[in-house]
Amino acid sequence: MDVDRDRERCLESLTWAIEQLQGKVDIAKLDKIAELIIQAMTGPWRYFHTPEHIFEVGDSGDAIEVLAALFHDLVYVQVDQGISVNISRFIAPFIKETPGHLAILDAEDLPSDRSFSLVLTVFGFAPSQRLSPMAGQNEFLSAVIAAKSLESLLSYSHLAQIAACIEATVPFRPKSAEGITSDEALYRRLLSISQEFDLGWTEAETLEITKRSVRLANRDVENFAFPSSAHFLDNTWNLIPETNHDLKNTNAYKVQGYRLSIQKMEGFMNFLKPEVVFRQFHGEPNDETYQRLINNTAKNLEVARLYLGAKLVSIAIIEALAFRIGRDVPISTMMGELPSSGFSTVQLEHFLPKISSYRLPETPIEHDALELLEKGRSIDSFYDVKNSPTATFIVKSIGFAALRQLLKHAKAFFQDEISAEEFLSYCDPVVVETVTKGVIQLFESRKLAMQQESLNRHSAIAS
């Protein structure tokens with residue numbers, strides 16, 4: 001990660017966009033804004049929501065989209081474990097913190113501020129409103145910072161359009177109870193905002209502003225529709241450590257901690273529907289493009305669910321076996337340390353047999369999931385290897401149909417509805433015996449290494 005390069009690229013993007021919009025180009029101010037953005041996007045827990053992500057989202061040639069993209073992920077409370085001092089000064093006049101959540105100040109406590117009022121109205125929020133991380137909190141606060149940072153450089157019309165783009169990036173919203181999409185609701189608010197703030201937009205212009213917002217929002221989640229499921233899962237694996245910070249302690253995180261991170265992602269993937277990932281508003285995108293996005297997303301979600309299910313069954317067996325020696329066991333104890341540069345390590349996979357004859361996948365989804373388990377995602381992550389030897393062994397041993405049934409028992413085990421030993425009783429006995437022997441052999445290899453080192457020391461002393 002080259003922070004200086006990213007800051008320079010951010011400054012260039014800011015300068016270009018302000019020039020395109022015929023705003024005030026104040027290089028000293030823009031340099032401070034660039035520093036603010038890159039500092040926030042390179043926090044210690046940022047693995048997916050990084051400078052590269054905001055540059056990709058803004059890669060459109062549209063100045064409003066470029067600016068919205070640069071600011072849209074500035075605040076990410078659950079990833080950053082709070083809000084840094086450098087960005088909090090922009091929002092402190094408008095927000096209060098109470099135990100467990102943030103909220104907008106009461107009306108009588110809010111300062112008279114046109115930029116804030118503009119963003120508040122774009123989002124459809126109100127004074128005294130409690131903010132939720134799952135309902136636009138981060139996007140709203142990021143839009144407030146964008147407006148306050150740029151208010152001396154751009155018109156209110158431009159600030160409103162930037163805020164609209166950021167509002168559209170609030171993800172995974174179904175239709176309202178009245179059947180209204182979030183984009184239609186945004187369009188209606190923008191029509192009112194044009195009049196209330198005297199922005200002078202026509203209905204046609206407001207429609208185009210909304211379509212631009214949808215275009216940016218779809219680009220923000222474009223990884224869901226990658227043609228390759230492996231590339232899609234690469235991004236998924238970068239998301240996991242953003243909200244599972246224990247994984248940063250490579251080789252020290254616990255079996256249960258790793259399982260919880262996979263479990264949360266598996267639950268998330270089962271919750272999602274392609275139609276709430278990508279949106280279409282008045283022909284943006286066109287029907288052919290939209291259908292391709294939906295189809296690719298549907299396939300990737302199916303593969304991810306099966307892949308993550310196999311990973312969950314695998315770690316469930318490891319966790320149940322770990323219960324025999326303790327309740328707080330590092331995953332490296334049970335499976336060996338992750339490979340590192342210049343250091344070879346013995347791992348559980350070295351003691352698992354290769355299975356050449358097995359039940360073949362019955363569907364393209366099963367084929368893709370098995371290939372990902374066996375050959376791996378496109379890249380390694382710092383907390384996990386890209387392939388899954390133990391899960392591959394289990395799938396090849398019992399097949400996907402049995403795996404799906406076993407996953408139900410695994411989830412019951414995770415919920416303490418059944419014991420560890422009861423869960424193992426539902427598993428194929430050969431699988432359990434093989435994995436158990438593999439763990440024991442891993443322990444034995446460590447014992448032998450310790451004994452050999454002791455012998456070497458004694459020999460050196462004797463000589």
From CA spacing to verdict: side-chain contact (heavy atoms from CB on, under 4.5 Å), F413, H409
CA-CA 6 Å; F413 165 47; H409 297 303; over 6 Å; no

Before you tell me yes or no, could you show the steps for R188 and E184 under salt bridge (Lys or Arg N to Asp or Glu O under 4.0 Å), namely the whole-Å CA-CA distance, both residues' side-chain angles and the distance that decides it to 0.1 Å?
CA-CA 6 Å; R188 295 180 185 183; E184 181 64 33; 3.3 Å; yes

Working for side-chain contact (heavy atoms from CB on, under 4.5 Å), residues F123 and L186
CA-CA 8 Å; F123 276 73; L186 175 62; over 6 Å; no

Starting from the C-alpha separation in whole Å, work towards a yes-or-no answer on side-chain contact (heavy atoms from CB on, under 4.5 Å) for Y156 and D198.
CA-CA 9 Å; Y156 285 107; D198 195 25; over 6 Å; no

side-chain contact (heavy atoms from CB on, under 4.5 Å) between K311 and Y258, worked out
CA-CA 10 Å; K311 297 277 283 187; Y258 177 80; 3.2 Å; yes

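Taking CD from E56 and CD1 from I54, the interatomic distance works out to 10.5 Å, rounded to the nearest 0.5 Å. Remark: I18 CD1 to L153 CG distance equals 5.5 Å, nearest 0.5 Å. Rounding to the nearest 0.5 Å places CD1 of I64 at 6.5 Å from CG of D62. Annotation: the span from L190 atom CG to W201 atom CH2 amounts to 5.5 Å, rounded to 0.5 Å. To the nearest 0.5 Å, atoms CZ (R219) and OG (S60) are separated by 4.5 Å. Summarising the geometry, atom CD1 belonging to I95 is positioned 5.5 Å from atom CD1 belonging to I104; distances are rounded to the nearest 0.5 Å.
Between the side chains of Y426 and K408, no donor-acceptor pair of N or O atoms lies under 3.5 Å. Between the side chains of N218 and Q280, not a single donor N or O lies within less than 3.5 Å of an accepting N or O. With 3.5 Å as the limit, one finds no donor-acceptor pair spanning the side chains of H53 and T50.
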Donor-acceptor contacts, no H, no angles, side chain residues 136-151, under 3.5 Å, sequence neighbours left out:
{"residue": "N138", "atom": "OD1", "partner": "V77", "partner atom": "N", "Å": "3.2"}
{"residue": "N138", "atom": "ND2", "partner": "Q78", "partner atom": "OE1", "Å": "2.9"}
{"residue": "S142", "atom": "OG", "partner": "L74", "partner atom": "N", "Å": "3.4"}
{"residue": "S142", "atom": "OG", "partner": "V75", "partner atom": "N", "Å": "2.9"}
{"residue": "S142", "atom": "OG", "partner": "N138", "partner atom": "O", "Å": "2.8"}
{"residue": "K148", "atom": "NZ", "partner": "D113", "partner atom": "OD1", "Å": "3.4"}
{"residue": "K148", "atom": "NZ", "partner": "D113", "partner atom": "OD2", "Å": "2.6"}
{"residue": "K148", "atom": "NZ", "partner": "E151", "partner atom": "OE1", "Å": "3.3"}
{"residue": "K148", "atom": "NZ", "partner": "E151", "partner atom": "OE2", "Å": "3.0"}
{"residue": "S149", "atom": "OG", "partner": "I145", "partner atom": "O", "Å": "2.7"}
{"residue": "E151", "atom": "OE1", "partner": "S115", "partner atom": "OG", "Å": "2.6"}

Would you tabulate the side-chain donor-acceptor contacts of residues 19-31 under 3.5 Å, counting partners in other chains and residues two or more places apart, or write 'none'?
{"residue": "D26", "atom": "OD1", "partner": "A28", "partner atom": "N", "Å": "3.3"}
{"residue": "D26", "atom": "OD1", "partner": "K29", "partner atom": "N", "Å": "3.2"}
{"residue": "D31", "atom": "OD1", "partner": "R7", "partner atom": "NH2", "Å": "3.4"}
{"residue": "D31", "atom": "OD2", "partner": "R7", "partner atom": "NH2", "Å": "2.8"}

Show which side-chain atoms of residues 10-17 pair as donor or acceptor with protein atoms under 3.5 Å away, not counting sequence neighbours.
{"residue": "S13", "atom": "OG", "partner": "R9", "partner atom": "O", "Å": "3.0"}
{"residue": "T15", "atom": "OG1", "partner": "L11", "partner atom": "O", "Å": "2.8"}

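Other residues, nucleotides and ligands contribute only 12 or fewer heavy atoms inside 6.0 Å of the CD atom of E203. More than 12 heavy atoms of other residues, nucleotides or ligands sit less than 6.0 Å from atom NE2 of H101. Heavy atoms from other residues, nucleotides or ligands lying under 6.0 Å from CD of E97 number 12 at most. Atom CD of E288 is surrounded by 12 or fewer heavy atoms from other residues, nucleotides or ligands within 6.0 Å.
For the pair F226 and N296, the minimum side-chain heavy-atom distance is 4.5 Å or more. Two residues are said to be in side-chain contact when any heavy atoms from C-beta on lie closer than 4.5 Å; F197 and S117 meet this criterion. Residues I315 and I262 form no side-chain contact, since every pair of their non-hydrogen atoms from C-beta on lies 4.5 Å or further apart.
Taking the six-membered ring for Trp, F232 and Y307 have ring centres at least 6.0 Å apart.
Annotation: cation-pi pair R327/F323 present, NZ/CZ under 6.0 Å from the ring centroid and within 45° of its normal.
F94 and F116 have parallel rings, their planes meeting at less than 30° on a 0 to 90° scale where 60° marks the start of perpendicular.
Residues Q129 and G124 approach most closely at OE1-O, 4.4 Å, considering heavy atoms. In this structure, C165 and S213 approach most closely via the heavy-atom pair N-OG, 3.4 Å. Counting all heavy atoms, side chain and backbone alike, S229 lies closest to K299 at OG-CE, 3.3 Å. Closest heavy-atom contact between A69 and L216: CB-CD1, 4.2 Å.
Results of the side chain to side chain contact (heavy atoms under 4.5 Å, CB included) test with L308 over M265, K264, Q263 single out M265 as the only residue that passes.
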